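This report concerns only the one structure given below.
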Amino acid sequence: MLSWETSSSIASMRHCRAWVEIDLAALKHNVEQIKASLAARSDLMAVVKADAYGHGAVTVAKTALQAGASWLGVATVPEGIELRQANLKAPILVMGAVNTPEEVRVMARWQLQPTIVTPKQALVFSDILVNDSKQRSPLPVHLKLDTGMSRLGYSWQQAADFYRFVQRLPQLEIASVYSHLATADDPDPTFMQTQQQRFEAAIAQLRSLDLQPPRLHLANSAATLTDASLHYDLVRVGLGLYGLYPAPHLQTALSLRPVMQVKARITHLKTIAAGTGVSYGHQFVADRPMRIAVVGIGYADGVPRLLSNRLTALIHGTPAPQIGAITMDQMMLDVTHLTHLQEGDIVTLLGRDRQSQITAEDWANTLGTISWEILCSFKHRLPRILVESACEIEPTATHQDSDASQRP
Ligand SMILES: *Cc1c(COP(=O)(O)O)cnc(C)c1O
C-alpha cells in the first residue's frame, strides 16, 4: 500500500525529470533481518548521519525505530536537532566532535548525547552544564576509546583514568564506553581482532577497579555481519540498513535489499549519423548510425562525471550504455538496440528493473571508491519519493500498452 505522501508524490513524479525512490519496505526488511541476527542482549542503533546516507534522515529514523531499532546515531548536532524537531524520542548519540560551549548547551536542551573523547572536553561539558540553570538532570555521555582507528577517542590504555575522571564530574552521567573499528570490512580479521582485544583489555581494566560501564559498543555494519562476539550491548549500523554489504565476503550473512533507486526520464530521442560526436568534447563519436536518448539527470544531481562512457542504465529491463561526457543536468544513452521507446520513459540509473539490477557498489567498483560515498552523493535537487515496494509503482510492466498522453 502507498501512503498519502507517496501517492501525492507519484502524481507529481509524472513531471519529474529525475528522482530518488526510497523503498520503505526494503528498509523495514533490512532492519528486521539485522535485528534478528543480533546477539540476544544487543540493541540496534540506526546510523542516520548525512541525511541517512542520502535517504532522508527523518523518514529512515521513523521506519527503523518502528522496525526494531532503539537508538539513533548522527554525526553532528544539527542532524540530531532535525530528528528531535520531527518529534522522535529515541536516544540519539552524536558521534562527531563537539567542543564549543554553545553546542554543549544546545545538546543538553535537545537531549542529544555527546561523544566525549578527552578528560578536558568532559570538564568543559560539566562546567557549562553546572552553570546552566536550565539543566536539571545529568546529561548522558558516551566515552570513546581509540583502539586503532586513529580518529576520535582517548587512548585505550588510559581508559580507567579517563572513566574515573568523567565519573566524578557533576552533571554528566556515563551512558556507554565505545570504540570504532578501522578494518572490519577486510576479509583478513587480524587487525579487527587486535582492536577487539584492546577494547576488551580496556574494559577488563575498568572492571578490575570496579568501574561498570552501563553499555559497551564496537560494531559498525561490517562487524555486525561478521560475528556476534562483536555485538556487545549495541551495534551501530549504517550501510546495512540501506541494503548494501560492506564487502563481498559479507554478502552471505543476510539477504539485504537496496533501499535507494535513482531514476530519470528520457526527455528526447533522436537518430544520429555515423561520424557524429556526442556531448562536450566529443569524447564519443558514433561509428554507425545510432539512436540516442537524452536523459534528464547529470552530475549536478550526483551522478559522478567520472562515470562518463563507463555507466550502464536500464530501460524496460534492458541495459543501455551511457555515451559521451555526462553533463550538469543531462546525459545521453545508446538506445540503438531498443525499440518502442518514447519520451517520458523511465530510465533506472541505480536499482532493479525487471531481471536486471545496478547497485551503488557497481558504480563504486567502476570509480575505485566505496558504496557509502555513492549513496551520499545524490543531491537534494532530486526529490525523494517514498515507495513501499519499488516494483509496485514502476510503470514499465505495463509500458507497452500504457497511454502515452499520461506522460509529460
Ligand atoms: C558511520 C559510523 C558507523 C556506521 O558505519 P557503517 O559502516 O555504515 O555501518 C558506526 N560508527 C561510527 C562511529 C560511525 O562514524
Side-chain angles (χ1 to χ4, degrees), residues 27 30-31 33-35 37-38 42-55 57 60-61 64 69-77 79-80 83 91-98 112-117 141-154 156 175-187 189 191-192 195-196 199 215-227 230-251 253-254 256 258-260 359-361 364 369-377:
L27 176 63
N30 298 336
V31 171
Q33 288 262 306
I34 293 165
K35 186 85 203 310
S37 75
L38 298 183
S42 308
D43 290 324
L44 174 60
M45 175 186 291
V47 175
V48 296
K49 62 189 178 189
D51 200 26
Y53 296 34
H55 293 66
V60 167
S70 48
W71 283 74
L72 298 170
V74 296
T76 68
V77 175
E79 288 174 353
L83 299 173
I92 297 175
L93 169 63
V94 178
M95 299 183 292
V98 172
L112 304 175
Q113 303 185 12
T115 295
I116 301 284
V117 300
V141 299
H142 300 257
L143 304 193
K144 183 141 192 207
L145 302 178
D146 184 357
T147 56
M149 174 72 180
S150 307
R151 204 171 58 176
L152 289 181
Y154 204 61
W156 61 276
S176 83
V177 171
Y178 80 104
S179 189
H180 191 48
L181 298 166
T183 63
D185 51 358
D186 193 325
F191 190 70
M192 179 171 71
Q195 281 197 269
Q196 186 179 20
F199 190 62
R215 213 174 269 107
L216 304 174
H217 46 117
L218 183 61
N220 55 5
S221 293
T224 302
L225 295 176
T226 301
D227 179 357
L230 295 154
H231 293 174
Y232 297 95
D233 302 298
L234 187 63
V235 296
R236 306 184 306 270
V237 177
L239 194 76
L241 300 180
Y242 308 109
L244 288 152
Y245 295 90
H249 74 281
L250 295 171
Q251 287 220 7
L254 299 174
L256 302 177
V259 173
M260 177 188 286
T359 66
E361 210 185 334
T369 184
I370 55 174
S371 53
W372 290 256
E373 189 186 20
I374 302 296
L375 293 180
C376 292
S377 68

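Order of appearance sets the numbers: ligands from 1, and atoms from 1 within every ligand. Fair warning: this is a prediction, and the values are worked out from it, not measured in the lab. In what follows, residues are counted from 1 in the order of the sequence shown.
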Numbered atoms of ligand 1 (with element) below 4.0 Å of [X], judged on heavy atoms:
X: Leu239; result: 6 (P), 8 (O), 9 (O)
X: Asn220; result: 5 (O), 7 (O), 9 (O)
X: Tyr53; result: 1 (C), 4 (C), 5 (O), 6 (P), 8 (O)

Is Met45 touching ligand 1 with its side chain, its backbone, both, or neither, if touching means heavy atoms under 4.0 Å apart?
-> neither
Side chain, backbone, both or neither: the part of Arg236 lying under 4.0 Å from ligand 1 by heavy atom | both
side-chain contact (heavy atoms from CB on, under 4.5 Å) involving Ser70 - partner list, sequence neighbours excluded | Asp43
Results of side-chain contact (heavy atoms from CB on, under 4.5 Å) for Pro91 - residues two or more places apart only | Trp71, Gln113
Is the gap between the ring centers of Tyr178 and His217 under 6.0 Å?
-> yes
Flag, side chain of Tyr245 to backbone of Leu254, donor-acceptor distance under 3.5 Å = yes
What protein heavy atom sits nearest [atom], and how far away is it?
atom: atom 12 (C) of ligand 1; result: His180 CE1, 3.4 Å
atom: atom 1 (C) of ligand 1; result: Lys49 NZ, 1.4 Å
atom: atom 9 (O) of ligand 1; result: Ser221 OG, 2.5 Å
atom: atom 7 (O) of ligand 1; result: Trp372 NE1, 3.2 Å

For Leu83 and Leu72, the nearest pair of non-hydrogen atoms, with its separation, is CD1-CD1, 4.0 Å
Would Tyr53 and Glu373 count as having a side-chain donor-acceptor pair, cut-off 3.5 Å?
-> no
Look at ligand 1 and say whether Met149 reaches it with a heavy atom at a distance under 4.0 Å.
-> no
